[in-house]
Amino acid sequence: MLQNLKYKLARFMTGRYGMDQFTRFLSAAAFVMLLLGLFTRKGIFTYIILALIVYMYYRVLSKDIAKRSAENQKFLSFWSKATEGLGRTKRRLLDMKTHHIYKCPSCGQKIRIPRGKGKIEISCPKCSTKFIKNS
Ligand SMILES: [Zn+2]
């Protein structure tokens, strides 16, 4: 009986696009909307969730595999750019804890100096101006 159902499902899904990363992202977005809806008690989220679910089913059951997979590629490149930007910001914030960026007083060259070394003489790598800073 269950085997039969599985078989029927497999036959139904043949030639259809199925699950991908973009759909997974959409389901995560729907979950976030669900939480937001619960907290804010705004009805608008119900409509957004319904729209997301309809769109997810549409993609999973779609037979236009080339088009869906192109959408997924677009999403993946957007996603990698977004996470890359986040990673860069995080690294910069972490770096601020251990290093300080000074500007050369004569040419404006930025110089990265470790913190906590007391008074140090910095010499600019570009114009070799020397200046004293408290690191
Ligand atoms: Zn300089």
Side-chain angles (χ1 to χ4, degrees):
M1 177 64 190
L2 194 69
Q3 210 57 36
N4 193 28
L5 201 73
K6 255 187 186 166
Y7 175 71
K8 272 186 178 159
L9 187 72
R11 259 191 62 165
F12 177 70
M13 288 306 291
T14 305
R16 293 179 195 267
Y17 183 61
M19 197 68 162
D20 66 2
Q21 289 96 334
F22 185 37
T23 302
R24 250 178 236 137
F25 170 79
L26 290 174
S27 71
F31 183 69
V32 171
M33 294 294 162
L34 184 72
L35 292 180
L36 283 174
L38 284 175
F39 278 116
T40 60
R41 299 190 170 276
K42 290 233 183 337
I44 179 81
F45 289 109
T46 313
Y47 294 107
I48 299 174
I49 293 163
L50 276 174
L52 279 170
I53 289 172
V54 168
Y55 186 49
M56 275 158 59
Y57 269 97
Y58 165 74
R59 293 195 79 251
V60 168
L61 300 178
S62 171
K63 287 186 171 171
D64 195 346
I65 290 167
K67 218 170 183 176
R68 297 292 87 77
S69 121
E71 286 167 3
N72 192 46
Q73 282 311 313
K74 241 186 217 168
F75 163 74
L76 285 178
S77 82
F78 158 78
W79 186 249
S80 79
K81 261 181 221 148
T83 51
E84 215 174 82
L86 272 177
R88 250 201 314 271
T89 310
K90 196 179 158 199
R91 270 196 300 280
R92 202 178 304 143
L93 285 174
L94 281 174
D95 191 66
M96 273 171 66
K97 274 187 188 164
T98 54
H99 290 78
H100 198 108
I101 307 288
Y102 291 111
K103 251 188 183 174
C104 168
S106 85
C107 74
Q109 167 74 31
K110 282 180 182 161
I111 305 156
R112 189 168 159 271
I113 301 294
R115 283 179 188 272
K117 301 267 186 221
K119 253 198 168 87
I120 47 164
E121 189 188 59
I122 300 160
S123 84
C124 174
K126 210 170 158 191
C127 67
S128 58
T129 303
K130 287 188 164 55
F131 56 102
I132 309 257
K133 283 281 179 193
N134 235 332
S135 69

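- Note on Ile120: it clusters hydrophobically with Phe131, by side-chain heavy-atom contacts below 4.5 Å among ILVMFWY residues.
- The shortest side-chain heavy-atom distance between Arg115 and Thr98 does not fall under the 4.5 Å cut-off.
- The minimum heavy-atom distance linking Leu52 with Ala29 is given by the pair CD1-C, 4.1 Å.
- When every heavy atom of Ser135 is checked against every heavy atom of Lys117, the shortest pair comes out as OG-N, 2.8 Å.
- Ser123 places no side-chain N or O within 3.5 Å of a backbone atom of Thr129 that could act as its donor or acceptor partner.
- Cluster membership check: Val32 shares its hydrophobic cluster with Leu35, using side-chain heavy-atom separations under 4.5 Å among Ile, Leu, Val, Met, Phe, Trp and Tyr.
- Val60 and Tyr17 are assigned to two separate hydrophobic clusters, defined by single-linkage of ILVMFWY side chains at heavy-atom distances under 4.5 Å.
- Note: Phe75 and Phe25 have tilted aromatic rings, judged against thresholds of 30 and 60 degrees for the angle between ring planes.
- The shortest side-chain heavy-atom distance between Cys124 and Ser106 does not fall under the 4.5 Å cut-off.
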| request: For the pair Met56 and Ser27, evaluate side chain to side chain contact (heavy atoms under 4.5 Å, CB included) and give the outcome as yes or no after the intermediate values. | output: CA-CA 8 Å; Met56 275 158 59; Ser27 71; 3.4 Å; yes
| task | Take Phe45 and Ile48, measure what side chain to side chain contact (heavy atoms under 4.5 Å, CB included) needs, and give me the verdict at the end. | result | CA-CA 5 Å; Phe45 289 109; Ile48 299 174; 4.2 Å; yes
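- Within 6.0 Å of OH in Tyr57 there are 12 or fewer heavy atoms belonging to other residues, nucleotides or ligands.
- Ile132 CD1 to Glu121 CD: the interatomic distance, rounded to the nearest 0.5 Å, is 5.0 Å.
- Here Phe22 contributes atom CZ and Phe78 contributes atom CZ; the two are 9.5 Å apart, rounded to the nearest 0.5 Å.
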| task | For the pair Ile113 and Lys133, evaluate side chain to side chain contact (heavy atoms under 4.5 Å, CB included) and give the outcome as yes or no after the intermediate values. | result | CA-CA 10 Å; Ile113 301 294; Lys133 283 281 179 193; over 6 Å; no
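- Residues Leu61 and Phe12 form a side-chain contact, since some pair of their non-hydrogen atoms from C-beta on lies under 4.5 Å apart.
- A side-chain donor from one of Thr23 and Asp20 sits under 3.5 Å from a side-chain acceptor of the other.
- With rounding to the nearest 0.5 Å, the separation of CD1 in Ile44 from CE in Met33 is 10.0 Å.
- Of all heavy-atom pairs between Gly118 and Asn134, the closest is C-OD1, 3.6 Å.
- Closest of all the heavy-atom pairs between Gly15 and Ile65 is O-CD1, 3.7 Å.
- Expressed to the nearest 0.5 Å, how far CE of Met19 lies from CG of Leu26 amounts to 9.0 Å.
- When hydrophobic clusters are built by joining Ile, Leu, Val, Met, Phe, Trp and Tyr residues whose side-chain heavy atoms come closer than 4.5 Å, directly or via intermediates, Leu50 is not grouped with Tyr58.
- For CD of Gln3, the number of neighbouring non-hydrogen atoms (other residues, nucleotides, ligands) closer than 6.0 Å is 12 at most.
- For the atom pair Ile101 CD1 and Arg92 CZ, the distance stands at 10.0 Å (nearest 0.5 Å).
- Phe31 is connected to Ile53 through a chain of hydrophobic side-chain contacts under 4.5 Å among Ile, Leu, Val, Met, Phe, Trp and Tyr, so both are in one cluster.
- A salt bridge links Glu71 to Arg68: at least one charged side-chain nitrogen sits closer than 4.0 Å to a carboxylate oxygen.
- Within a 6.0 Å radius of CE in Met96, other residues, nucleotides and ligands contribute 12 heavy atoms or fewer.
- Atoms CZ and NZ, from Arg16 and Lys63 in turn, are 4.5 Å apart once rounded to the nearest 0.5 Å.
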